[in-house]
Amino acid sequence: MCLFKKKKEVQEYREKRIKETQDRWKKNGNTIHPEEVIFEKYPESETDDKNEQIVFIDIEYDLDWISKYDLDIDKNKDEEKRMLIDKVMMLTALPYKNLSEEKRKYFLRYLGQGIVAAFSGNDEDVSTCIQQANAFHKKATLEWNRLIVLITALLFFIYGMIAAICIYQEDIRNTVLLECILWGFIGSFLSILYKNSSKNENASSCNILLVLETIARMIAGCLFGCFSFYLFNSNFLKLNDIFVSTSYNYIVLAFIAGFSETLIPSVVSKYENKFDKNEKK
């Protein structure tokens, strides 16, 4: 109960501060809608207006700022500051609005502090803020990617297992083939979980691409499991001396085919090269 009361008090205080900020800047003809104020320097009296500055996150989660002096007019004096601000604002072109609300704020706070440092002409602090914002954006985007992949894989796996249970309840033939498909599916699912937990490559900002890619990999696992049954059950590979045709062996091979993702393509590629050589002869 105390926690909810404290959160309510914090929210009320935040709303009060935002309202006061809006009223102050409205006197100068600036209508702003801040979601969060990062930095504000307001004159104590009507005559003291030399250090009038504000940096804030607006309600659409864009970084905005207002300064008393116009950096575009006084180019000779403030060229360096303008260039520093441009360097910071360039990072707002990064795709960050697909992140959670809290992480969007964290990212913009780094950039907001960079704008504040640019106002004072501090090149070193601006570079530090830019590096921190870049690092945070990459980390946050990778975490979001991993979450999307994990949720998609879990949901698709659940639906796949329900479908498998329904199929096994029917009196059907060729259950070994179906088991191969199922274990290829399970293998691809575990492969996705394993690779997703250690993912460190470049992040993607397209959620639909992540979802479709995850589903496609799991479908490919089913197909690899199915293909492994026919491949290793035929005389094509001539494995009679080292491979015993039992359902357990087929299941193991199907799982490996689904988990590896490169086993079946490498086998096919190997024999494709042989066929190419024979044709050339």
Side-chain angles (χ1 to χ4, degrees), residues 10 13-14 17-45 47-146 199-206:
V10 171
Y13 174 74
R14 176 178 166 276
R17 276 203 61 194
I18 289 175
K19 183 67 169 61
E20 291 174 351
T21 302
Q22 286 179 309
D23 292 339
R24 278 196 297 268
W25 288 88
K26 194 173 183 180
K27 293 177 183 178
N28 294 340
N30 297 303
T31 302
I32 60 175
H33 302 282
E35 174 68 23
E36 181 177 310
V37 177
I38 298 174
F39 174 81
E40 183 182 18
K41 185 184 288 186
Y42 199 78
E44 296 180 0
S45 63
T47 56
D48 181 20
D49 60 353
K50 295 180 181 179
N51 295 322
E52 186 177 309
Q53 298 171 2
I54 185 172
V55 181
F56 62 95
I57 302 170
D58 67 18
I59 56 176
E60 295 183 351
Y61 290 95
D62 291 317
L63 185 64
D64 204 352
W65 54 272
I66 300 173
S67 177
K68 182 63 179 177
Y69 51 83
D70 193 332
L71 297 177
D72 289 329
I73 293 176
D74 199 0
K75 289 186 178 181
N76 294 329
K77 184 178 179 181
D78 295 311
E79 180 68 21
E80 184 181 352
K81 293 180 181 180
R82 186 179 63 81
M83 290 178 64
L84 291 175
I85 290 174
D86 289 343
K87 285 172 64 177
V88 176
M89 294 302 291
M90 282 178 64
L91 267 72
T92 59
L94 291 173
Y96 65 91
K97 290 189 177 181
N98 59 327
L99 303 176
S100 66
E101 178 181 317
E102 193 62 29
K103 289 184 177 180
R104 272 181 270 172
K105 286 183 180 180
Y106 273 114
F107 174 68
L108 292 175
R109 284 170 191 158
Y110 284 119
L111 297 183
Q113 291 300 324
I115 295 292
V116 176
F119 282 152
S120 60
N122 194 326
D123 191 7
E124 185 177 345
D125 286 352
V126 170
S127 298
T128 300
C129 290
I130 289 174
Q131 290 174 5
Q132 290 175 337
N134 261 322
F136 178 81
H137 180 269
K138 182 178 180 180
K139 180 182 177 183
T141 307
L142 281 172
E143 288 177 353
W144 179 253
N145 289 176
R146 288 173 61 185
K199 185 178 287 186
N200 57 5
E201 67 266 19
N202 293 331
S204 170
S205 60
C206 184

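Just so it is clear, the structure is predicted and the values come from calculations on it, not from any experiment.
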Could you give the distance from [atom1] ([X]) to [atom2] ([Y]), rounded to the nearest 0.5 Å?
{"X": "Asp125", "Y": "Gln132", "atom1": "CG", "atom2": "CD", "result": "9.5 Å"}
{"X": "Trp65", "Y": "Phe119", "atom1": "CH2", "atom2": "CZ", "result": "5.0 Å"}
{"X": "Phe136", "Y": "Leu91", "atom1": "CZ", "atom2": "CG", "result": "13.0 Å"}
{"X": "Asn122", "Y": "Gln113", "atom1": "CG", "atom2": "CD", "result": "12.0 Å"}
{"X": "Lys19", "Y": "Lys26", "atom1": "NZ", "atom2": "NZ", "result": "7.5 Å"}
{"X": "Asn134", "Y": "Leu111", "atom1": "CG", "atom2": "CG", "result": "8.5 Å"}

Answer yes or no: is there a donor N or O on one side and an acceptor on the other, between the side chain of [X] and the main chain of [Y], under 3.5 Å?
{"X": "Lys97", "Y": "Asp62", "value": "no"}
{"X": "His137", "Y": "Pro95", "value": "yes"}
{"X": "Ser120", "Y": "Ala117", "value": "yes"}
{"X": "Tyr96", "Y": "Ala140", "value": "no"}

Heavy-atom pair of closest approach, residues [X] and [Y]:
{"X": "Thr92", "Y": "Leu63", "answer": "CG2-CB, 4.4 Å"}
{"X": "Val37", "Y": "Phe56", "answer": "CA-CB, 4.1 Å"}
{"X": "Val88", "Y": "Val126", "answer": "CG2-CG1, 3.7 Å"}
{"X": "Gly112", "Y": "Ile38", "answer": "CA-CD1, 3.8 Å"}

Heavy-atom check, side chain of [X] versus side chain of [Y], under 4.5 Å:
{"X": "Lys87", "Y": "Asp123", "value": "yes"}
{"X": "Phe107", "Y": "Leu94", "value": "yes"}
{"X": "Glu143", "Y": "Leu99", "value": "no"}

- side-chain contact (heavy atoms from CB on, under 4.5 Å) between Ile66 and Ile32, worked out: CA-CA 10 Å; Ile66 300 173; Ile32 60 175; 3.6 Å; yes
Residue pairs passing the salt bridge (Lys or Arg N to Asp or Glu O under 4.0 Å) test with at least one member in residues 28-39, sequence neighbours excluded, are Arg14-Glu35, Glu35-Lys105, Glu36-Arg109
Can you tell me if Glu102 has over 12 outside heavy atoms packed within less than 6.0 Å of its CD?
yes
Checking Gln53, Arg17, Arg24 against Glu40 for side chain to side chain donor-acceptor pair (under 3.5 Å), the one that qualifies is Arg24
